[in-house]
Amino acid sequence: MGDISYSNGNGNVNGNGNGNGVGVNGNAVNGKGHPVLNGYRKSCWYEEEIEENLRWSFALNSILHTGSTPYQDIALLDTKPFGKALVIDGKLQSAETDEFIYHECLCHPALLHHANPTNIFIMGGGEGSTARELLRHKTVEKVVMCDIDEEVVDFCKSYLDVNKEAFCDARLKLIINDARAELEHTENYYDVIIGDLADPIEGGPCYKLYTKSFYELIVKPRLTKDGIFVTQAGPAGIFSHTEVFSCIYNTLRQVFKYVVPYSAHIPSYADTWGWIMASDNPFVLSADELDLKTKLRINGENRYLDGKTFTSASTLSKAIRKSMENETHVYTEGTARFIYGHGHNSAQKHN
């Protein structure tokens, strides 16, 4: 769970009320779980526990909002290194300065590899950034964004100015519902289905949407003949890729003929992040062909992704390639893997 800690400039640091005070930059730990009131407040820090013995922290200008929905805990922070940052269930979801890396990688490879993507379905995506990138494509006629948490969507509409134009675009249809239920009951088919879901964490609302049965029985039947599925797939670093990235990859290999994993470093995540693209049709575009399609089909200029960048992103390191090839775990509800941390529902159970 992400913590907010305060330093008063006198070597004392306090946690955010969970009884675990956290020292920053070698400062002492108070441990009482209350903000330091005596003396002056020198700085405020956000801290996220990435692993049991590894934490990632950065300084804040201010805490813009904190709250809780029936599904998730949510916070919007104004950070010194990364601008505005959205945090859900103690995990940083996106940051103002580098969210373009995540969202360009999630959206554009799949749409560019499709011959004529017109109808797109987003599972999740409540902050609006995925819709923003999709709506840049000239071929796109309709984007359905299905998010379970209306409070998060309304929050992002109010606070994330960069996506206000996307939320007002007539091609965007917003549905507040569970993505699984929506895909189960719709009669529509989609050229591209995108999984912009929260990470699979224990007690979180989304881990069941990473399973083989979901991909096989719910997602694939709703794709058009040449359809493409792409999902965010968690940390993909040299050590972290075995948390969920490798088994999501192996799970999709059980369902689709062609599966392409790719990754990119995202500074605010303090790790390399992974995405996986899958289809029953091969992905054959060269870097030059991707660049040409980008020029012809996307309004505006990408800040991160081009043909050579995607070629590099989909060329994983030797160690990770070997690990991915040897992965045998298939993601099911009974054998789910989680990234480190606990979701809102799990936290309620343990309190």
Side-chain angles (χ1 to χ4, degrees), residues 94 98-114 117 120 122-125 129-130 133-134 136-137 192-197 199-200 210 215 219 223 227-294 297-298 302-327 331 339:
S94 69
D98 63 7
E99 57 87 6
F100 66 93
I101 303 173
Y102 172 96
H103 291 103
E104 287 184 16
C105 287
L106 175 65
C107 297
H108 300 312
L111 267 71
L112 292 171
H113 277 91
H114 195 283
I120 318 296
I122 309 170
M123 301 188 298
S129 299
T130 296
E133 293 300 317
L134 295 172
R136 292 175 56 205
H137 284 255
V192 179
I193 295 177
I194 295 179
D196 187 19
L197 300 163
D199 301 319
Y210 291 92
Y215 294 147
V219 172
L223 287 170
I228 296 173
F229 173 67
V230 62
T231 184
Q232 80 91 7
I238 190 71
F239 301 120
S240 60
H241 75 277
T242 57
E243 291 184 26
V244 294
F245 184 56
S246 61
C247 70
I248 294 172
Y249 167 69
N250 186 56
T251 302
L252 285 167
R253 285 197 298 178
Q254 315 304 310
V255 179
F256 293 92
K257 292 180 181 178
Y258 302 95
V259 181
V260 176
Y262 55 103
S263 63
H265 177 68
I266 300 182
S268 63
Y269 289 1
D271 204 348
T272 300
W273 212 254
W275 303 266
I276 302 173
M277 188 166 60
S279 179
D280 281 343
N281 296 286
F283 301 105
V284 296
L285 294 181
S286 68
D288 288 341
E289 289 170 324
L290 284 170
D291 284 339
L292 180 60
K293 281 197 169 187
T294 298
R297 289 176 22 177
I298 299 180
N302 288 343
R303 296 172 63 187
Y304 181 79
L305 193 77
D306 63 5
K308 289 182 179 179
T309 303
F310 180 73
T311 299
S312 173
S314 56
T315 305
L316 305 178
S317 70
K318 176 183 177 181
I320 294 178
R321 288 200 311 273
K322 185 175 180 180
S323 175
M324 300 281 275
E325 289 166 2
N326 292 332
E327 179 64 76
Y331 205 107
I339 68 168

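A pairwise comparison of heavy atoms in Ser268 and Asp98 identifies N-OD2, 2.8 Å as the closest pair. For Val192 against Pro117, the heavy-atom pair with the smallest separation is CG2-CB, 4.4 Å. The two atoms that bring Val260 and Ser314 nearest to each other are CG1-CB, 4.1 Å, heavy atoms only. In plain terms, the two heavy atoms of Gly195 and Leu106 that are nearest each other are O-CD1, 4.1 Å. Taking both residues in full, the closest heavy atoms of Leu112 and Leu285 are given as O-CD1, 3.3 Å, listed atom of the first, atom of the second, then distance. Here the closest non-hydrogen pair linking Asp291 and Gly307 is OD1-N, 2.7 Å.
One N or O on the side chain of Glu104 and one on the backbone of Leu305 form a donor-acceptor pair closer than 3.5 Å. With Thr294 contributing its side chain and Leu290 its backbone, the two residues share a donor-acceptor pair below 3.5 Å. With Ser279 contributing its side chain and Gly227 its backbone, the two residues share a donor-acceptor pair below 3.5 Å. For the pair Tyr210 (side chain) and Cys247 (backbone), a donor-acceptor distance under 3.5 Å is absent. Remark: side-chain polar atoms of Gln232 are paired, donor with acceptor, to backbone N or O of Leu197 under 3.5 angstrom. Side-chain atoms of Glu325 never come within 3.5 Å of backbone atoms of Glu327 as a donor-acceptor pair (strictly under, hydrogens ignored).
Rounded to the nearest 0.5 angstrom, Phe256 CZ and Asn281 CG are separated by 11.0 Å. Taking NZ of Lys257 as the reference point, atom CG of Asp280 lies at 5.5 Å (rounded to 0.5 Å). Residue Leu111 holds its CG atom at 5.5 Å from CG of Leu134, rounded to the nearest 0.5 Å. Rounding to the nearest 0.5 angstrom, the gap separating the OG1 atom in Thr231 from the CG atom in Asp196 is 8.5 Å. The NE2 atom of His108 sits 4.5 Å away from the NE2 atom of His137 when rounded to the nearest 0.5 Å. Taking CZ from Phe245 and CH2 from Trp275, the interatomic distance works out to 9.0 Å, rounded to the nearest 0.5 Å.
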Margin query: For a side-chain hydrogen bond (donor to acceptor under 3.5 Å, both in side chains) check, start with the C-alpha distance between Thr309 and Asp306, then their side-chain angles and the critical distance, and finish with the verdict.
Written below: CA-CA 5 Å; Thr309 303; Asp306 63 5; 2.6 Å; yes

Item checked: Asn302 vs Glu133, side-chain hydrogen bond (donor to acceptor under 3.5 Å, both in side chains): CA-CA, chis, key distance, verdict -> CA-CA 9 Å; Asn302 288 343; Glu133 293 300 317; over 6 Å; no

Item checked: Residues Glu99, His103; criterion side-chain hydrogen bond (donor to acceptor under 3.5 Å, both in side chains); working and verdict -> CA-CA 6 Å; Glu99 57 87 6; His103 291 103; 2.8 Å; yes

Margin query: Run the ring-ring contact (aromatic ring centres under 6.0 Å, His included) test on Tyr258 and Phe283 for me, step by step, so that the C-alpha distance in whole Å, both residues' side-chain angles and the decisive distance to 0.1 Å come before the verdict.
Written below: CA-CA 7 Å; Tyr258 302 95; Phe283 301 105; 7.2 Å; no

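The shortest side-chain heavy-atom distance between Met277 and Leu252 does not fall under the 4.5 Å cut-off. At least one side-chain heavy atom of Tyr215 sits less than 4.5 Å from a side-chain heavy atom of Ile248. Contact of the Trp273 side chain with the Pro235 side chain is registered, since non-hydrogen atoms from C-beta on lie closer than 4.5 Å. Looking at heavy atoms from C-beta onward, Tyr262 lies in side-chain contact with Pro109 at the 4.5 angstrom threshold.
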May I have the list of side-chain donor-acceptor pairs in residues 316-323 shorter than 3.5 Å, sequence neighbours left out?
| residue | atom | partner | partner atom | Å |
| --- | --- | --- | --- | --- |
| Ser317 | OG | Ile320 | N | 3.4 |
| Arg321 | NH1 | Leu316 | O | 2.5 |
| Ser323 | OG | His241 | NE2 | 2.8 |

